[in-house]
Protein chains: 2
Amino acid sequence: MENQELKNAGLKATLPRIKILKILENSRHRHMSAEDVYKALLDSGEDVGLATVYRVLTQFETAQLVKSHHFEGGHSVFELEHGEHHDHILCVKCGRVDEFVDEVIEERQNLIAERAGYSMTDHSLYIYGICPDCQKENG
Amino acid sequence: MENQELKNAGLKATLPRIKILKILENSRHRHMSAEDVYKALLDSGEDVGLATVYRVLTQFETAQLVKSHHFEGGHSVFELEHGEHHDHILCVKCGRVDEFVDEVIEERQNLIAERAGYSMTDHSLYIYGICPDCQKENG
DNA sequence: CAATATCGTGAGAATGTTTCGCATTTGGAG
DNA sequence: CTCCAAATGCGAAACATTCTCACGATATTG
């Protein structure tokens, strides 16, 4: 039940929050922008404000229910936390997003941060390219 | 001479372009936002519009004179191309930016893209952390 | 149960960044 | 030196995101 997830995160189980969580869980696309979530809410007949969507997503991120990503082009997306850390590879043509994990890279990053004297808090790696489907389509 | 660099890039050597190129070359900070460049221009008594700064920086990027980066927090920065590809490690406290190159990671990225069937066009890797100086300051 | 403090919300205004439209200016080829 | 496409400055617009605020729902207290 979504209610419990919210309670566990220290958030009251309000309607907008439940709805937004449901949308993130049921969406075919793992990665959704605030606008996407907002549209999905309107489509399902809900009456929430865009500001609330942003507020709730930010709260979810703080509560570590979702993770946000800032892709090129100034557009951010959110995805449910689903256990393992992973990075992203995305198609510059169709916007498709795939995920991957690479232990070697993870380790190197730690090493690099350490070598530079930084205490690493986070990192983001995005690979941009053309996905298999778009390569076919295009001559 | 900047004029020549611009000509080589197929751009007319206009005053704003020359000035902006100079600013990028002389600035102590390698990474500047459009706003930074704009302020620097005003400080040196030039009369350019912010729109022109954006236009010119975009042209420079197309001409591969500069490279842009989109760090977290919705603000982009530009830096002069200076030969080697490199990635960035930045301090979440003071905004300091350092650069690094790691062949192992570069190779792994190619491998990952290939394995996923993508034809890689670009990639961006940012490591976030606390820099040595900020670690000292803070208890 | 009533009085009251707190929280979450929608709507719209505000902010910050980047782009656009258009009249005017300018670089540089002839 | 002249002329024109290219480039520019300006204000407005587009966009994503955040803030403000009054109100309604909820929890707390006596």
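Throughout, a chain's letter reflects where its sequence line sits, starting with A, and its residues are numbered from 1. The basis for the numbers below is simple: all heavy atoms, side chains too, and nothing from hydrogens, waters or symmetry mates. Please read all numbers here as calculations on a predicted model, not as lab measurements.
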Next on the checklist: Return whichever of B/N3 or B/R55 has its heavy-atom-nearest nucleotide of DNA chain C closer to the 5' end.
Outcome noted: B/R55
Checklist entry - Among residues 32-53 of chain A, which contact DNA chain C at a heavy-atom distance under 4.0 Å? => result A/D47, A/V48, A/G49, A/A51, A/T52
Next on the checklist: Strictly below 4.0 Å: does B/T14 bring a side-chain N or O up to OP1 or OP2 of D/dA6?
Outcome noted: no
Checklist entry - In whole Å, what is the span from the CD atom of B/E61 to the P atom of C/dT19? => result 10 Å
Checklist entry - Between D/dA7 atom P and B/I20 atom CD1, what is the distance in whole Å? => result 13 Å
Checklist entry - Who pairs with B/N8 by side chain to side chain donor-acceptor pair (under 3.5 Å), at least two apart in sequence or on another chain? => result B/Q4
Next on the checklist: If I take atom NZ in residue B/K7 and atom C1' in nucleotide D/dA6, what distance separates them, rounded to the nearest angstrom?
Outcome noted: 14 Å
Item to check | Flag if over 12 foreign heavy atoms under 6.0 Å of CD, B/E114 | outcome: no
Checklist entry - How many Å lie between NZ on A/K12 and C1' on C/dA5, as a whole number? => result 11 Å
Checklist entry - Counting only side-chain N and O atoms of A/Y54, is one of them less than 4.0 Å from OP1 or OP2 of D/dT17? => result yes
Item to check | Length of the line joining B/H70:NE2 and D/dT17:C1', which is rounded to integer Å | outcome: 17 Å
Checklist entry - Hey, are B/K93 and B/E137 close enough for a salt bridge, meaning a charged N less than 4.0 Å from a carboxylate O? => result no
Next on the checklist: So for B/R17 and C/dG27, does any side-chain atom that can act as donor or acceptor lie under 3.5 Å from a complementary atom in the base?
Outcome noted: no
Next on the checklist: Students often mix this up, so state it plainly: with edges at 30° and 60°, are the rings of A/H86 and A/H69 parallel, tilted or perpendicular?
Outcome noted: tilted
Item to check | C/dT17 OP1/OP2 closer than 4.0 Å to side-chain N/O of B/S76 | outcome: no
Next on the checklist: Without decimals, in angstroms, what is the distance between A/I18 CD1 and C/dT9 P?
Outcome noted: 10 Å
Checklist entry - Parallel, tilted or perpendicular: which fits the ring planes of B/H31 and B/H88, with parallel below 30° and perpendicular above 60°? => result perpendicular
Checklist entry - If we fit an axis to the first five pairs and another to the last five of the helix from C/dC1-D/dG30 to C/dG30-D/dC1, what angle do they make, to the nearest 10°? => result 20°
Checklist entry - Once you round it to whole Å, what is the distance between C1' of C/dT19 and CD of B/Q59? => result 13 Å
Item to check | Close side-chain approach of B/L125 to A/D87, heavy-atom, < 4.5 Å | outcome: no
Next on the checklist: The test is salt bridge (Lys or Arg N to Asp or Glu O under 4.0 Å); show your working for B/K67 and B/E79 and say whether it passes.
Outcome noted: CA-CA 6 Å; B/K67 181 115 186 53; B/E79 71 175 316; over 6 Å; no
Checklist outcome for this item: Rounded to whole Å, CG of B/L57 lies from P of D/dA7 at a distance of 15 Å
